[in-house]
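Notes follow once the structure below has been shown.
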Amino acid sequence: MMDSGSLADIDDEYEKLVIQLNPPRVTVDNTSSRKATLVQVASANRHGSLLDVVQVLTDLNLSISRAYISSDGEWFMDVFHVVDQCGNKIYDNEVIDRIQQSLSTRALSSRPLRRSVGIEASSEHTSIELIGRDRPGLLSEIFAVLVDLKCNVVAAEVWTHNSRMASVVYITDEVNGGPIDDSDRLAKVKRLLRYILKGDRDKSAKTATSMGVTHTQRRLHQMLYADRDYDKDDTDGEDAASDRSKPVVTVENCTEKGYSMVNLRCKDRPKLLFDTVCTLTDMQYVVFHATVIAEGPEAYQEYYIRHVDGSPISSEGERQRLILCLEAAIRRGNTESLGSDACSFPGIGNSVGIVPSKEHTFIEMTGTDRPGLLSEICAVLANRNCSVAKAELWTHNTRVAAVVHVTEESTGGAVEDPERLSAIKELLCNVLRGDNDSRMGRMTVSKDRTHTERRLHQMMFGDRDYESTVVGAGDDKPRPQVAVMDCAEKDYSVVILRSRDRPKLLFDTVCTLTDMQYVVFHGTVDTRDDEAYQEYFIRHVDGYPINSEAERQRVIKCLEAAIERRTTEGLEMVLRTEDRHGLLSDVTRVFRENGLTIRRAEISTQEGKASDTFYLSEMSGKPVEAKTIDSICRQLGEMVVRVKQSPLLAPKPPEVAGATSFLFGNLLKASLQSFRSVRSYS
């Protein structure tokens, strides 16, 4: 009787034979999409094929903006939308040839997990694998040992997660520049490094000889997975700061087809798809169908999987383990590094961008909103002798975004001194961070100027303000109603919106659809009786309609946020007066001292005249009391030209039998002409 090892060898040889008879077919298409190059791969299917393809594209420094995976049966067909590191399509024939050659000749071989620490000699260098408890100064001690032993470090990669550290270090002999062959010397290196890893209390650090060479980043995933870093969570003190940045992973069973469905949502970053597919593969799951969307600051991934034995996830323990492992895989690759982005945080953070021009300097800010924030920002600018020529500020879901145009008080022109700009950025980041926000500010510099209100939408969208909702159970404020459904007849997605009408509502929704890379083919807009109805027939710029539940929910949330950001609620106060240095700081201080918070602000200065509009409410969110309005008017005097109290609690829209009834009723009533247009012109 054959043993299991012999059977495995036969299966492996059979897979190789199938692949040789059916080599991968690779097509690179630059015509189907305006935004990305499509890479289509068709090949005989086997466990690990998807990871091999993703690994090739990742190693070529290509970003995958979309992916559609299908691998039922003995064949897989994958379509990847890729761009270069600058976000451009791939036109370089040399790169295209490398894509085709790498994917067509890829050595398809899955490797098992190896032990946690090892040394592997090759013809060029010696690779050392280290794993143990992380601590300050550990890497310095490791490199010091290697230097003392006359070893040159030619390359290294280090990951830390949940108090664990994994590293792959490539070294050469200082004398001959080649690998270290002396077994006694290798044993000494291993012994000393194991001693460093153990430290005073780590009994889990081990040494072992590596069995072979593998992809460095895949190996790091394997090492940390084997070390069970996913269930060693020591981030109790960081929970408040990381809630918004934590990956969202859900696992459900699709009993109809015998799959388990995995949904992931997190901040996008390079190599994210590789990290998740690597983890699924190493956990012995097979991906049968998948949809990946990573256009903008967020990434959505949806997988239909089974275990290699053909069964879906069958226990709560297995489901929780998969969730923890995928969360760990995503977090391992998050970048929190020193340098120009030293203040970067993987989740939503604060940011300040400054762009000098000949006339004025643009300052862009995003962060956590709080009472008195604008007053503090204006005070900083006044103290730095900067005059605010124009500004607009929005708040939504505890987040704030502002675009401020400042000038030099002495010259009236732009602030050009780089040291002064750096000081302003540092001070504003400190103000945005405040006392309770442990997330560090992110320093960014915008590359170009754009329409202020569109830029505010982009900043809020990039800050993921649509993700957090602070509406309480007793809050009766009407929310916009948004629905997204399929129009299978013409291959469109239909977006229907109903909300209170207001100025610039159409701009806000169209702006959001455009920035989310959707094309509007047909649309109907109707405003009457203070209500607005909007209906759009859309596809993504690549020609596809919305094709996953995750993408549908994302569009709904983003459109709701776009409508809510500019909603005018509370007290509207318009000020006009002669401009002077520190005026804005004084005005906002008055608001703060009277217990008011600024919901939205539009500030401008022309020909020495300041014209400012503020939308205010009590810090509790309630309407401003009459005595508070009188106090402010007395303090600000004649500069107050208009005060208007807009109701914070507007009447709810008429109740409907249900969202579906309303949406389809409206579809039949208001969009008949749109459907006729589709039939006539499509």
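Predicted model, so just to flag it, every value in this text is computed and none were measured. We number each residue from 1, following the sequence as shown.
- Note that OG of Ser70 and CZ of Phe76 are 11.0 Å apart. Values are rounded to the nearest 0.5 Å.
- Under the 4.5 Å side-chain criterion, counting only non-hydrogen atoms from C-beta, Tyr303 is in contact with Thr276.
- Between Asp84 and Ser63, the shortest heavy-atom contact is O-OG, 4.3 Å.
- Pairs passing the salt bridge (Lys or Arg N to Asp or Glu O under 4.0 Å) check and including a residue from residues 510-519, sequence neighbours excluded, read Arg454-Asp515.
- Side-chain contact between Arg269 and Leu272 is present, with heavy atoms from C-beta onward closer than 4.5 Å.
- Judged by distance alone, the side chain of Asn397 and the main-chain N or O of Asp465 form a donor-acceptor pair under 3.5 Å.
- A donor-acceptor contact shorter than 3.5 Å is absent between the side chain of Lys246 and the backbone of Cys266.
- Summarising the geometry, atom OH belonging to Tyr466 is positioned 13.5 Å from atom CD1 belonging to Ile556; distances are rounded to the nearest 0.5 Å.
- Contact check on Lys35 versus Asp542 returns no salt bridge, with no Lys/Arg side-chain nitrogen under 4.0 Å from an Asp/Glu carboxylate oxygen.
- Side-chain contact between Tyr91 and Asn30 is present, with heavy atoms from C-beta onward closer than 4.5 Å.
- Taking the side chain as every heavy atom from C-beta outward, Ile99 and Leu62 approach each other to under 4.5 Å.
- Remark: Glu295 engages Arg66 in a salt bridge, criterion side-chain N to carboxylate O under 4.0 Å.
- In summary, the side chains of Asp52 and Ser49 do not present any donor paired with an acceptor at a separation below 3.5 Å, with no hydrogens or angles considered.
- Between the side chain of Thr452 and the backbone N or O of Glu392, no donor-acceptor pair lies under 3.5 Å.
- Taken from CD in Gln481 to CD1 in Ile563, the straight-line distance is 10.5 Å, to the nearest 0.5 Å.
- Checked against a 6.0 Å centroid threshold, the rings of His522 and Tyr492 count as neighbours.
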Checklist entry - Can you check side chain to side chain donor-acceptor pair (under 3.5 Å) on Thr31 and Asp29, steps first, answer last? => result CA-CA 6 Å; Thr31 60; Asp29 176 9; 2.8 Å; yes
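- In this structure, the separation between SG on Cys325 and CD1 on Ile330 is 11.5 Å, given to the nearest 0.5 Å.
- Using a 4.5 Å heavy-atom cutoff, the side chains of Phe461 and Met516 are in contact.
- Within the 3.5 Å criterion, the main-chain N or O of Ile90 finds a donor-acceptor partner in the side chain of Thr37.
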Item to check | Pair Met485-Ile496, side chain to side chain contact (heavy atoms under 4.5 Å, CB included): steps then yes or no | outcome: CA-CA 9 Å; Met485 60 188 77; Ile496 302 176; 4.2 Å; yes
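- No side-chain heavy atom of Tyr259 sits less than 4.5 Å from a side-chain heavy atom of Pro312.
- No donor-acceptor pair closer than 3.5 Å links the side chain of Arg552 to the backbone N or O of Ile546.
- Here the CG atom belonging to Asp491 is positioned 8.5 Å from the CG atom belonging to Asp486, to the nearest 0.5 angstrom.
- The minimum heavy-atom distance between Arg331 and Pro247, with the atom names listed, is NE-CD, 3.8 Å.
- The backbone N or O of Ile313 lies less than 3.5 Å from a partner atom in the side chain of Asn253, making a donor-acceptor pair.
- A salt bridge links Glu467 with Arg464; the closest basic N to acidic carboxylate O contact falls under 4.0 Å.
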Checklist entry - Under the side chain to side chain contact (heavy atoms under 4.5 Å, CB included) criterion, do Thr291 and Tyr68 qualify, and how do the steps go? => result CA-CA 5 Å; Thr291 300; Tyr68 303 97; 4.0 Å; yes
Item to check | CA sep, side-chain torsions, deciding dist, call: Glu364, Arg455, salt bridge (Lys or Arg N to Asp or Glu O under 4.0 Å) | outcome: CA-CA 9 Å; Glu364 297 179 354; Arg455 183 67 190 128; 3.0 Å; yes
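- For the pair Arg539 and Phe521, the cation-pi test (distance below 6.0 Å, angle within 45°) is passed.
- Among Arg599, Arg399, Glu453, Met459, the one residue that satisfies the side chain to side chain contact (heavy atoms under 4.5 Å, CB included) test with Trp394 is Glu453.
- For the pair Lys89 and Arg34, the tightest heavy-atom approach, listed with the atom from each and the gap, is CD-O, 3.4 Å.
- Salt-bridge check for Asp508 with Arg502: passed, with a basic side-chain N closer than 4.0 Å to an acidic carboxylate O.
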Next on the checklist: Determine whether Ile69 and Leu50 satisfy the following criterion, side chain to side chain contact (heavy atoms under 4.5 Å, CB included), listing intermediate values before the conclusion.
Outcome noted: CA-CA 8 Å; Ile69 313 299; Leu50 175 60; 3.6 Å; yes
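- For the residue pair Tyr300 and Glu549, no side-chain donor N or O sits within less than 3.5 Å of a side-chain acceptor on the partner.
- To the nearest 0.5 Å, the span separating CG on Leu51 from OG1 on Thr58 amounts to 9.0 Å.
- Cys558 and Thr512 get closest at one heavy-atom pair: O-CG2, 4.0 Å.
- Across Ala562 and His457, no two heavy atoms sit closer than the pair O-CE1, 3.7 Å.
- Residues Leu38 and His81 form a side-chain contact, since some pair of their non-hydrogen atoms from C-beta on lies under 4.5 Å apart.
- Environment of CG in Asn88: crowded, with over 12 heavy atoms of neighbouring residues, nucleotides or ligands closer than 6.0 Å.
- Taking the side chain as every heavy atom from C-beta outward, Gln40 and Phe80 never approach each other to under 4.5 Å.
- A side chain to side chain contact (heavy atoms under 4.5 Å, CB included) with Asp369 is found for one member of Thr395, Leu374, Leu432 and no other, namely Thr395.
- Pairing each heavy atom of Ile598 with each of Ala601, the nearest pair is CG2-CB, 4.0 Å.
- A salt bridge between Glu564 and Arg479 is present, with a side-chain N of the basic residue lying under 4.0 Å from a carboxylate O of the acidic one.
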